Protein chains: 8
Amino acid sequence: MAAEARLDLGRRWRLGMVEAIWGEHKSADQIAAIVAAMHQAGELALVTRIDAGKAEAVARELPDLPLVFHASARGLSCPAPPPADPGQGRVTIVSGGTSDLTVASEAQLALACHGVAADLVIDVGVAGLHRLLDQLEHLNQARVLIACAGMEGALPTVLAGLVPQPVIGVPVSVGYGVSTGGMAALHGMLASCAPGLTVVNIDNGYGAAMAALRILKGGNSPPESEML
Amino acid sequence: MAAEARLDLGRRWRLGMVEAIWGEHKSADQIAAIVAAMHQAGELALVTRIDAGKAEAVARELPDLPLVFHASARGLSCPAPPPADPGQGRVTIVSGGTSDLTVASEAQLALACHGVAADLVIDVGVAGLHRLLDQLEHLNQARVLIACAGMEGALPTVLAGLVPQPVIGVPVSVGYGVSTGGMAALHGMLASCAPGLTVVNIDNGYGAAMAALRILKGGNSPPESEML
Amino acid sequence: MAAEARLDLGRRWRLGMVEAIWGEHKSADQIAAIVAAMHQAGELALVTRIDAGKAEAVARELPDLPLVFHASARGLSCPAPPPADPGQGRVTIVSGGTSDLTVASEAQLALACHGVAADLVIDVGVAGLHRLLDQLEHLNQARVLIACAGMEGALPTVLAGLVPQPVIGVPVSVGYGVSTGGMAALHGMLASCAPGLTVVNIDNGYGAAMAALRILKGGNSPPESEML
Amino acid sequence: MAAEARLDLGRRWRLGMVEAIWGEHKSADQIAAIVAAMHQAGELALVTRIDAGKAEAVARELPDLPLVFHASARGLSCPAPPPADPGQGRVTIVSGGTSDLTVASEAQLALACHGVAADLVIDVGVAGLHRLLDQLEHLNQARVLIACAGMEGALPTVLAGLVPQPVIGVPVSVGYGVSTGGMAALHGMLASCAPGLTVVNIDNGYGAAMAALRILKGGNSPPESEML
Amino acid sequence: MAAEARLDLGRRWRLGMVEAIWGEHKSADQIAAIVAAMHQAGELALVTRIDAGKAEAVARELPDLPLVFHASARGLSCPAPPPADPGQGRVTIVSGGTSDLTVASEAQLALACHGVAADLVIDVGVAGLHRLLDQLEHLNQARVLIACAGMEGALPTVLAGLVPQPVIGVPVSVGYGVSTGGMAALHGMLASCAPGLTVVNIDNGYGAAMAALRILKGGNSPPESEML
Amino acid sequence: MAAEARLDLGRRWRLGMVEAIWGEHKSADQIAAIVAAMHQAGELALVTRIDAGKAEAVARELPDLPLVFHASARGLSCPAPPPADPGQGRVTIVSGGTSDLTVASEAQLALACHGVAADLVIDVGVAGLHRLLDQLEHLNQARVLIACAGMEGALPTVLAGLVPQPVIGVPVSVGYGVSTGGMAALHGMLASCAPGLTVVNIDNGYGAAMAALRILKGGNSPPESEML
Amino acid sequence: MAAEARLDLGRRWRLGMVEAIWGEHKSADQIAAIVAAMHQAGELALVTRIDAGKAEAVARELPDLPLVFHASARGLSCPAPPPADPGQGRVTIVSGGTSDLTVASEAQLALACHGVAADLVIDVGVAGLHRLLDQLEHLNQARVLIACAGMEGALPTVLAGLVPQPVIGVPVSVGYGVSTGGMAALHGMLASCAPGLTVVNIDNGYGAAMAALRILKGGNSPPESEML
Amino acid sequence: MAAEARLDLGRRWRLGMVEAIWGEHKSADQIAAIVAAMHQAGELALVTRIDAGKAEAVARELPDLPLVFHASARGLSCPAPPPADPGQGRVTIVSGGTSDLTVASEAQLALACHGVAADLVIDVGVAGLHRLLDQLEHLNQARVLIACAGMEGALPTVLAGLVPQPVIGVPVSVGYGVSTGGMAALHGMLASCAPGLTVVNIDNGYGAAMAALRILKGGNSPPESEML
């Protein structure tokens with residue numbers, strides 16, 4: 001039963017992205033083994049969906065590695081993300097409420113791990129429209145916008161009707177009744193009457209970040225030296 | 001097998017509403033029999049969900065009755081609705097696009113049958129927000145607002161965040177993919193982050209009108225003389 | 001990552017409603033910060049979906065604030081709700097069983113926070129119809145009715161066939177099998193054959209209360225002095 | 001490819017029921033072949049879900065057989081059903097509206113094919129409760145009740161709370177929006193708070209009739225002579 | 001907020017059934033209050049869906065009452081069920097596997113509370129058909145059959161094809177993947193090709209028992225003296 | 001906009017299967033172009049889901065090609081299937097009713113196109129179990145069994161509990177209510193308590209045939225000469 | 001009932017996009033009125049989801065306007081799209097099969113209406129992987145990729161694992177059984193293990209084109225002179 | 001209430017498979033009783049879905065039996081599986097990621113209990129295609145392939161397009177948002193465009209193993225001496 005993990009170390013070369021380690025369904029042992037292998041290979045490791053307890057267990061197994069836990073994003077990186085490269089363009093992440101913060105922070109962390117600066121603008125839900133309109137000038141200066149929303153998920157629709165930039169919607173699994181699990185928000189974003197809004201899976205802050213990165217990179221297969 | 005229809009003629013006395021005849025799953029024969037019975041009983045009859053062809057067939061069976069077909073609402077009334085009673089308060093019906101017009105018109109017709117004036121404000125979808133904001137002062141003068149929307153159904157949410165009146169959302173079954181059949185709009189309205197928005201079944205313009213009527217009537221069991 | 005919450009303090013002025021703080025997906029820290037900010041701004045704060053443990057944690061962080069925990073409604077207010085203003089009209093909240101009590105109490109508390117009196121009539125499920133019929137005269141004196149029901153959710157349908165007032169249905173997430181999570185009750189209320197019944201999201205007692213408030217207020221943008 | 005149909009002619013002996021031929025997905029040719037084989041074997045044949053056009057096509061292929069088309073039930077029998085045997089007990093079939101008539105009639109026809117008398121009581125929907133209460137004494141005299149309802153499907157729930165007999169609920173696929181296809185009615189009946197209500201598939205009038213027959217027969221494997 | 005529970009004590013007189021108290025969403029306090037009230041009124045009380053811990057808590061609050069906890073049925077009765085009345089006919093409850101035992105036992109207990117004897121035949125799943133066929137003669141002697149099954153839920157279908165008695169299917173929420181929660185079993189039973197199978201909600205052993213009771217009672221409103 | 005179709009002509013060499021042309025969403029023009037290209041390349045072409053009208057239109061465009069329409073399978077082949085190779089082993093296809101015949105025939109045709117003999121055994125539904133048990137000896141002689149069933153889909157479950165061979169379940173989209181579209185049958189087969197039953201998509205007779213072919217071929221990449 | 005359409009003519013100025021007219025739920029009259037108004041205002045009009053019959057009806061109403069019908073895209077433009085501007089970058093649209101061609105063509109047409117060149121690469125489904133790998137070098141030269149796929153929808157996942165550009169997945173509503181309507185493809189794309197894939201609604205070729213346009217435009221609010 | 005378990009000890013003789021005991025919904029007591037009975041009957045017992053805690057409890061009840069807990073497969077066998085019989089052919093189990101390991105291991109263990117050797121090849125997800133292509137020669141040597149995948153579940157599709165062997169897809173319930181519970185993977189595999197892929201229920205490693213065993217055994221009812 002000697003099944004060994006096969007890391008996709010070519011991903012950085014091929015896609016310009018590090019492979020994220022999805023922590024939710026893995027044990028601390030499994031995570032530690034993968035992080036150690038990536039560190040050994042000279043790669044930044046990013047673990048998503050990992051709570052504080054499991055992160056500590058990983059740290060105990062890897063006492064000599066430069067692990068950093070990012071609490072609001074439920075993420076672990078090894079080492080800390082590099083300084084942002086201002087030449088890459090700016091991403092702005094907006095969210096409808098405090099409850100969406102974890103997902104928005106995961107997107108911010110994933111971009112940071114690739115040297116991209118991203119700022120958060122929260123509590124701009126559409127039930128109090130003026131809060132969003134007040135931020136419009138600021139939002140218009142981003143190269144790409146990521147909009148996180150739970151409940152009915154109308155924020156990305158309204159936003160994409162106001163600005164010409166790429167807008168990536170991230171449905172968030174907060175809510176109850178028909179919005180439990182984020183399906184109402186997901187369907188609302190997909191059904192949007194605003195033209196050119198794209199969507200990722202529910203709670204997939206990491207995926208939205210990688211979509212933004214693909215846009216920023218401009219489509220040229222990046223030489224390795226540009227990264228991290 | 002002699003099963004006779006039992007009309008709920010007490011509904012007008014009990015609830016202050018005429019019983020609408022849902023035309024979709026009934027034959028022209030069945031509809032004609034019910035309309036004739038209501039006319040006989042001195043009641044206005046309103047048939048909803050009836051297309052022009054079936055309406056003509058009903059008219060051929062009842063050549064002496066004052067039937068009126070309302071094309072944009074897919075409705076048939078007998079006789080024509082009474083003149084509006086200005087003392088009842090005004091209802092405003094808004095919709096996101098031309099495709100929602102049938103449902104909005106059904107609501108308007110159902111209110112007219114009870115002597116209530118209602119005006120339509122269409123094409124105020126949230127992907128071009130200024131069209132809605134331009135109408136705000138007008139909307140604010142209604143006693144009750146009915147908001148019809150398909151696709152992601154965000155219009156009632158945005159509206160209910162802007163005005164203090166009762167807002168009744170009507171999901172509309174236009175759309176494709178995840179919005180086919182109106183479920184995305186329905187769930188979006190139910191999951192709304194705007195406080196106090198209520199919802200009726202998909203395409204239920206008649207139901208929204210009756211809900212508005214309940215609000216206008218003020219909760220006193222109306223004496224018969226007030227109606228029609 | 002310095003993302004600050006943006007309170008919608010204009011909501012009371014715009015809509016005549018206080019912004020409720022949805023406690024379920026927020027930490028005690030996040031809730032305490034928002035409650036403190038609202039208190040600072042002179043606003044009554046209402047936290048919904050908060051259990052006794054989290055409420056105590058909030059209270060420990062804000063020892064000097066007049067917090068009140070409402071156990072049966074799972075709600076926290078700061079300060080206690082104001083005395084009811086009898087001029088606003090009465091709301092009656094009915095429910096099918098003891099299991100619906102939390103949702104019914106949330107609606108009652110939310111109305112109390114706006115100075116509106118609401119009484120509860122419970123255990124009037126439709127499988128023992130006489131219990132409902134016995135209360136009919138009492139129910140008929142309310143200005144607005146809120147009907148909470150789980151299982152098949154038939155109570156609002158039967159009720160809206162008996163009385164002419166606005167009836168707001170609240171599906172409740174009690175039940176098992178096909179009624180798990182409240183979807184059977186929700187669909188039953190939306191599909192209702194009773195005219196003019198409106199519906200809010202599953203378990204959304206707060207939303208039903210705000211809908212009732214919109215009806216009571218009569219559609220005139222209320223001057224600030226009328227509130228709380 | 002010589003695949004021949006295998007009739008379950010033992011079913012009458014084993015279960016006391018004739019095998020119904022479900023006409024919807026079969027061609028007129030296929031139906032005619034089965035009816036002829038059953039006639040040859042001395043069995044009454046009952047075809048359900050067959051429209052007038054297909055029934056005529058079957059009749060053209062079998063000019064010498066005593067076929068009878070039952071329009072309101074969309075059924076074809078060969079020969080006509082036998083006279084009712086009053087000793088078997090009475091079944092009463094109730095329905096909420098004219099739109100449920102086809103399903104109710106299918107149940108009535110299927111019982112008639114087994115010599116059981118069944119009467120129809122229609123238009124007793126729960127939004128006008130008095131219509132149902134007026135029939136209560138009559139309903140109480142049946143040995144088994146079959147209740148057909150579309151929309152929210154509350155009729156069987158209310159009925160089973162009023163009478164002690166077996167009540168079999170049949171959801172009907174009339175309705176729109178959330179009740180399209182009958183799922184809201186089905187779930188409403190299954191989730192019912194009334195004790196001891198049983199349910200069959202949507203539109204399954206035939207199945208409800210056979211369930212009633214099982215109850216009437218009393219559980220003794222019937223000798224052949226008792227049937228038809 | 002003085003909302004008192006309204007017991008439906010007329011149910012026994014009206015329907016010949018005691019009102020079961022659904023224990024899942026109620027606190028021990030709420031349950032104890034209802035049991036005490038029923039005891040006071042001279043009624044047997046049956047609490048379903050109650051685990052050992054909550055049952056003990058109820059017992060501590062009502063030390064003087066003759067409470068009996070039925071572990072395999074997750075049920076609590078006060079007092080113990082009466083001796084079975086052999087004149088009422090026998091019910092046989094079959095199940096596909098050990099995992100369905102709780103639901104089957106709930107049905108057995110609910111019948112016992114009404115003086116009806118019911119025996120259990122378990123582990124007769126359709127993947128080993130001979131186990132079911134071996135029991136056929138025994139099953140054929142029951143007046144009513146209740147068949148509990150999870151997974152694909154085929155047991156009631158096969159059974160109803162073999163015997164002429166009433167068969168009531170109870171889907172059970174054991175299983176994983178597509179059978180999680182019992183929906184595959186429920187749909188399989190409703191879609192059954194066996195004629196006259198009826199179905200109750202998932203895990204609703206109590207409901208199946210009450211349906212069997214309605215059949216056994218024969219449709220005559222029972223005089224009170226016949227019960228318990 | 002000159003987009004040309006790219007045929008996967010290597011599939012026969014790689015997988016030992018011809019590429020089937022799914023006819024449902026293609027025009028007669030598109031189908032004719034693909035069939036001509038395959039004929040040109042020396043490959044047998046198999047078009048599935050094509051009705052008689054569209055097949056005739058294709059034939060009119062390709063008057064010189066040896067097209068054969070297979071009515072009961074809704075399939076078109078060019079040329080006729082080769083004679084069966086008895087050395088490949090036998091497949092038996094069973095179905096619950098006449099309504100499943102189209103799907104069963106599609107599987108039979110697809111196997112014939114690869115030189116595999118398959119016989120049909122129909123009308124062996126589980127509601128009349130003896131019909132299936134009577135065929136058991138015959139079924140036991142097949143190398144692979146394909147079981148097609150609509151409604152509750154229990155046939156493959158019962159079959160796989162009786163024989164040790166590979167059993168491939170094909171859900172069929174006949175039925176109504178909860179079995180509309182075949183989802184109840186699909187879920188029933190996936191949830192089956194019989195060990196080692198595998199399943200393909202609803203109505204996918206072609207897919208079941210190719211799965212059987214993979215089993216018959218024995219896993220050795222077949223030399224081209226063995227095929228057709 | 002004089003409800004007039006409100007065109008969002010500011011959309012081109014605000015977002016750099018023309019407002020598409022969704023033709024499916026509109027009558028020829030309604031479409032002609034909107035096209036005429038846009039022509040009057042000097043805007044290119046693009047009608048999507050319009051079949052040949054309805055397009056001809058529109059043309060008959062507007063004999064003097066330069067209407068062009070695009071058959072494979074089911075689209076109507078007025079006037080013809082402008083010549084492509086090579087400076088805007090290239091978009092490549094790939095699809096799994098001929099059946100996806102309509103959706104792919106809609107995306108191509110919508111880009112053409114904004115002066116963007118897009119080429120189609122079809123029949124590169126993942127069941128014959130070499131067809132996709134053969135095109136890799138070509139695909140790598142696009143600035144943005146749009147991938148259309150029905151059935152299981154795996155094409156965008158595989159593609160996004162091979163190239164670093166933005167990949168926009170468009171689920172297509174071809175398929176049967178579980179893939180009917182495109183939900184399996186949609187969920188497959190959203191659940192994708194490839195990082196940074198974004199998705200639009202089922203069949204939404206227009207939306208994917210607008211998302212690509214947002215990426216190409218680079219986030220600067222475009223001066224009007226750059227368009228069309 | 002003396003309901004005894006009926007073991008299907010004939011299954012090994014009839015199907016060549018031992019009956020697995022599904023541990024999830026059974027208590028340690030119930031499991032121990034069944035294991036003891038099988039041991040007594042001379043049969044190997046395999047318990048699936050059992051965690052370490054419950055396994056220990058079983059071991060405490062059966063101190064004298066040769067129980068073996070298989071941690072990565074969550075399985076318990078009594079006694080240890082027999083040595084592999086090389087003559088039976090080899091099965092290869094592939095999986096997309098470390099998170100699928102439990103399901104893959106369950107399949108491996110179930111095969112081992114029948115004397116079949118199976119090797120695991122993990123981390124060959126389709127987002128890094130080269131990892132799969134690198135293993136192609138190895139995979140091609142198996143007699144049957146089992147492919148486990150969560151998320152979008154594309155691995156079996158890609159694999160079945162590359163090799164001619166039987167491929168059995170096992171959807172795995174890892175993932176979030178639309179892939180929660182494994183439905184996206186299940187639907188992706190059923191909707192697959194690769195010909196002849198078959199599927200089992202979500203997480204059903206045991207079922208996939210039994211399907212592989214049916215293929216390996218070759219369809220001859222095995223004499224008892226060949227087993228275990």
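Only a predicted model underlies this, so the values are computations on that prediction, with no experimental measurement involved. Naming: A, B, ... by sequence-line order, numbering from 1 per chain.
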Seminar exercise, completed: For A/L15 and G/P195 the tightest heavy-atom approach is CD1-CG, 4.3 Å

Exercise. With only heavy atoms counted, which part of G/A212 is less than 4.5 Å from chain A, the side chain, the backbone, both or neither?
Worked result: neither

For this session: Can you tell which part of G/L186 gets under 4.5 Å to a heavy atom of chain A, answering side chain, backbone, both or neither?
Result: side chain

Problem set entry | Inter-residue atom distance G/I215.CD1 - A/R143.CZ, 0.5 Å rounding | 8.0 Å

Exercise. OG1/A/T198 to CE/G/M210 distance, rounded to the nearest 0.5 angstrom?
Worked result: 13.5 Å

Seminar exercise, completed: Looking only at A/G161, A/A110, A/G89, most heavy-atom pairs under 4.5 Å shared with chain G are made by A/G161

Exercise. Given the options A/A160, A/S192, A/A209, which has more heavy-atom pairs under 4.5 Å with chain G than any of the others?
Worked result: A/A160

Problem set entry | Contact winner vs chain A - G/V144, G/L162, G/N204, heavy-atom pairs under 4.5 Å | G/L162

Exercise. Between the main-chain N or O of G/L197 and the side-chain N or O of A/R214, is there a donor-acceptor pair closer than 3.5 Å?
Worked result: no

